[in-house]
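What follows is a set of notes on a single structure, which appears directly below.
Reminder, nothing fancy here: chain letters follow the sequence lines and each chain counts from 1. For the numbers below, each heavy atom of this structure counts, side chains included, while hydrogens, waters and symmetry mates do not.
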Number of protein chains: 2
Amino acid sequence: MRSTEPDPYQRGCPSRRLLDRIGDRWTVLVILTLREGPRRFSEIRRRIDGVSQKMLTQTLRALERDGLVTRTVHPEVPPRVVYELTALGRSLIGPLDGLLGWATANLPEVEDAQEGYDRELLRTPR
Amino acid sequence: MRSTEPDPYQRGCPSRRLLDRIGDRWTVLVILTLREGPRRFSEIRRRIDGVSQKMLTQTLRALERDGLVTRTVHPEVPPRVVYELTALGRSLIGPLDGLLGWATANLPEVEDAQEGYDRELLRTPR
DNA sequence: CGGCATCCATATTGATACTG
DNA sequence: CAGTATCAATATGGATGCCG
């Protein structure tokens, strides 16, 4: 049996393209931040611990290019730039929540497994 | 209103820890490969286009450490090493499928958005 | 076969300085 | 405020060779 293996994961397949997009350290966090509503650049920056201004700019540009986020410049002084999820961006929240829920429920078990693994390594160094 | 912003995404929060684990280029693809059943090292390697032996080894070790994958060495010559998802690992498949489904359904729209964005940049180079 | 060690090119990121 | 530009540090990944 087992006649039908699915296709291998080729470079351009949906899984790969998705991972290339949201598989970096900041993209998902920005989307989750914007789920609360439109936010200014500095607000987003404050809510994501450790993101540099450069990385946040890059991430937001990529999200805008992907059609997941809109960028609105209010012509004032000082400038005010507001980012907001598009409908497409919001549609990603459900699936992301699925993963987040898994993380909340199962990360403790993952970390237990890590401890066990590391302890075993110490006992049998090689 | 809007009294209650959720906590910011601190460095050690579940979202961050999850992304640190599965946010790399290969982890998700390995899990999806193993969903079909136990597989040998070389089988996995063949099914993921472009993964080097070094990266696959690293990824499998991390997954084993996380308790998501078991590694079984069959003491034969030549050696045969079989990897298999644990129950914990299998529990991650549902959430991952959610994301994959989103990708399949919406990546075309994302790529349209990119084209539009890039075309606009060409028109107004700066 | 599976996998470790090494070397090396390149990508990613952070820090800093500067601008409209 | 919200960027851009530049440089330096680091992380990542691939290629190769060797081993049980």
> Is it true that Arg35(B) and Asp97(B) have a side-chain N and a carboxylate O under 4.0 angstrom from each other?
Replying inline: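 Salt bridge present between Arg35(B) and Asp97(B).
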
> Is the shortest distance from a Lys or Arg side-chain nitrogen in Glu36(A) or Arg47(A) to a carboxylate oxygen in the other one below 4.0 Å?
Replying inline: no

Rounded to whole angstrom units, what separation is found between the [atom1] atom of [X] and the [atom2] atom of [N]?
X	N	atom1	atom2	value
Leu56(B)	dC4(C)	CG	P	11 Å
Arg25(B)	dA11(C)	CZ	P	11 Å
Arg39(B)	dG2(C)	CZ	C1'	18 Å
Gln58(A)	dA11(C)	CD	P	13 Å
Glu76(A)	dG20(C)	CD	C1'	15 Å
His74(A)	dC1(D)	NE2	C1'	13 Å
Leu29(B)	dG13(D)	CG	P	12 Å
Met55(A)	dA11(C)	CE	P	14 Å

> With respect to the side chain of Arg61(A), which nucleotide from dA2(D), dG14(C), dT4(D) is positioned closest?
Replying inline: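 The closest nucleotide is dT4(D).
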
Short side-chain N/O contact to [N] OP1/OP2 from [X], under 4.0 Å:
X	N	value
Thr57(A)	dA2(D)	no
Arg45(B)	dG2(C)	no
Arg40(A)	dA2(D)	yes

>> As a test of understanding, state which of Ile31(A), Leu85(A), Leu88(A), Thr86(A) forms a side chain to side chain contact (heavy atoms under 4.5 Å, CB included) with Val69(A).
In response: Leu85(A)

>> Quick check on DNA chain C: between Val51(A) and Val73(B), whose nearest nucleotide comes earlier from the 5' end?
In response: Val73(B)

> Can Arg71(A) and Tyr83(A) be counted as having a side-chain donor-acceptor contact under 3.5 angstrom?
Replying inline: yes

>> I need a per-nucleotide contact map over nucleotides 15-20 of chain D, read 5' to 3'. Cutoff is protein heavy atoms under 4.0 Å; write B for the base, S for backbone only, - otherwise.
In response: B----B

> Pick the nucleotide of DNA chain D nearest each of Arg80(A) and Trp26(B); which residue has the one closer to the 5' end?
Replying inline: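 Its nearest nucleotide lies further toward 5', so the answer is Arg80(A).
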
>> I need the minimum non-hydrogen distance between Pro108(B) and Ala103(B), along with the two atoms involved.
In response: CD-O, 4.3 Å

> Between Val73(A) and Leu121(B), is there a shared hydrophobic cluster once you connect ILVMFWY residues whose side-chain heavy atoms come closer than 4.5 Å?
Replying inline: no

>> Under 4.5 Å between side-chain heavy atoms, counting indirect links through other Ile/Leu/Val/Met/Phe/Trp/Tyr residues: same cluster for Ile93(B) and Leu96(A) or not?
In response: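 Result: yes, single cluster for both.
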
